Amino acid sequence: MTAVPTVLDERFRAAAAAEGLLDVAYDVLDDTPVGPLLVGVSDQGLCRVGFDPEPEAELERLARDFGPRVLRTPAALDRVRRELDEYFAGRRQAFDLDLDLRATPEFHRRVLAELNRVEYGRTTTYGTLAAQVGAPRAARAVGTVMNRNPLPIILPCHRVVGANGSLTGYGGGLDRKEWLLRLEGALL
Amino acid sequence: MARASLPPFELFYESHRGEVLAFLRRRAGRERADDLFQETFLRALRAYGRLEHGEHLRAWVLTIAGNAVIDAARRERPTAELAVEPSGEDERPAVEELAPLTDDLPPKERAAVVLRYGYDLDYDTIGAALGSNEQAARQAASAGVRRLRKQKEQR
């Protein structure tokens, strides 16, 4: 099989993004402190942050949710990469990115909007979030929303803990949750 | 049976980019193939969202590549006239030269001849593109060539 020279490959990917032909432009950030992260943007904004990316499954999911024109185009993720780098280095406390949550159900979006108000270095509980969206008995459902958060780190589900202060759970694994809370100074 | 669903473009691209580049180098030379590679996949990307299923993607992208070669040749020598005689495996006239000669062939033979000698596709791919198989594609191409020879003799 003929190997495609890197320069040719990169030129095509850049042209595809520059022409606005993609449903989702993505990249895998290989060396973040919380391991490899798959990040994707649509024409509306950031649409995916994924831990432990298994590329094929992730790409199938992106294609299903946003359309089949999904292509790895690192240049299109420059801004996301920069903001995440700053965050991991402790130099950024809030993200300034447009978000695309169109593939997320309405109740989930309401909970995530409330979650997005929890500030850097603070924590809240599942029950508190449930009450804030007017469903005080839905703490468990809020847990499900956190587990399916399409934009972890950016929408800070790591800041949600159990009523007794325990870390409870995290879609990306408890080690990552602990690391993020320590980074933010919410855990000593 | 359910039709194969359309894969994310990244997976399609990774599966076919090497073969497309090899095809373009054969057809257009190493230097021109670089530009045509990008042109081919940009064209594919523009059309990709409109595809309804993921079958015959290889034949599809090689056809796009073949068209990109032809369009580039037209841009470079718009009035060139070339003598063409599809006579065997080793002579593979470009499709722009071949297509008008095959106008009178039955549709399946015409498609097989054009895909084989114009686009340089193998019989397996042509069979897939025609919804039949490798052997039927070989027979159709061979019958098409025989018919072309006959037509030529009668002229």
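Here is how names work: the chains are called A, B, and so on, in the same order as the sequence lines, proteins then strands, and each is numbered from 1. In this text the structure is predicted, and so the values were computed from the model without any measurement.
The shortest heavy-atom contact between P8(B) and V70(A) is CB-CB, 4.2 Å. Of all heavy-atom pairs spanning L45(B) and A16(A), the tightest one is CD2-CB, 3.5 Å. Taking all atoms of both residues into account, the shortest heavy-atom contact from F9(B) to L71(A) is CD2-CD1, 3.9 Å. Contact record, G49(B) with P68(A): CA-CG, 4.3 Å, taken as the closest heavy-atom pair. The two residues L21(B) and P5(A) come nearest to each other via the heavy atoms CD2-CD, 3.7 Å.
Of all residues in residues 99-128 of chain A, none places a non-hydrogen atom less than 4.5 angstrom from a non-hydrogen atom of chain B.
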side-chain contact (heavy atoms from CB on, under 4.5 Å) assessment of F37(B) paired with L8(A): CA-CA 8 Å; F37(B) 177 82; L8(A) 212 54; 3.8 Å; yes
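Interface residue A15(A): backbone and side-chain heavy atoms are both found under 4.5 Å from chain B. With a threshold of 4.5 angstrom between heavy atoms, L62(A) does not approach chain B through any atom at all.
F12(B) and F12(A) fall within a single hydrophobic cluster, where Ile, Leu, Val, Met, Phe, Trp and Tyr are joined by side-chain heavy atoms under 4.5 Å apart, directly or via other members. Grouping the Ile, Leu, Val, Met, Phe, Trp and Tyr side chains by contacts below 4.5 angstrom, directly or via other members, places L29(A) with V34(A). Under the 4.5 Å side-chain heavy-atom criterion for grouping Ile, Leu, Val, Met, Phe, Trp and Tyr, L151(A) is not connected to V24(A) through any hydrophobic cluster. With hydrophobic clusters built from ILVMFWY side chains whose heavy atoms lie under 4.5 angstrom apart, F88(A) does not share a cluster with L38(A). When hydrophobic clusters are built by joining Ile, Leu, Val, Met, Phe, Trp and Tyr residues whose side-chain heavy atoms come closer than 4.5 Å, directly or via intermediates, L183(A) is grouped together with V49(A).
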Between chain B and chain A, which donor-acceptor atom pairs come closer than 3.5 Å, counting both backbone and side-chain atoms?
| residue | atom | partner | partner atom | Å |
| --- | --- | --- | --- | --- |
| D9(A) | OD1 | Y13(B) | OH | 2.5 |
| D9(A) | OD1 | R17(B) | NH1 | 3.1 |
| R11(A) | NE | Q38(B) | OE1 | 3.1 |
| R11(A) | NH2 | D34(B) | O | 3.3 |
| R11(A) | NH2 | D35(B) | OD1 | 3.4 |
| R13(A) | NH1 | E10(B) | OE1 | 2.8 |
| R13(A) | NH1 | E10(B) | OE2 | 3.4 |
| R13(A) | NH2 | E10(B) | OE2 | 3.1 |
| E19(A) | OE1 | R46(B) | NH2 | 3.1 |
| E19(A) | OE2 | R46(B) | NH2 | 3.2 |
| P68(A) | O | F9(B) | N | 2.8 |
| V70(A) | O | E10(B) | N | 2.9 |
| R72(A) | N | E10(B) | OE1 | 2.8 |

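No more than 12 heavy atoms of other residues, nucleotides or ligands sit less than 6.0 Å from atom CZ of R148(A). The 12-atom threshold is exceeded at CG of D78(A), counting heavy atoms of other residues, nucleotides or ligands nearer than 6.0 Å.
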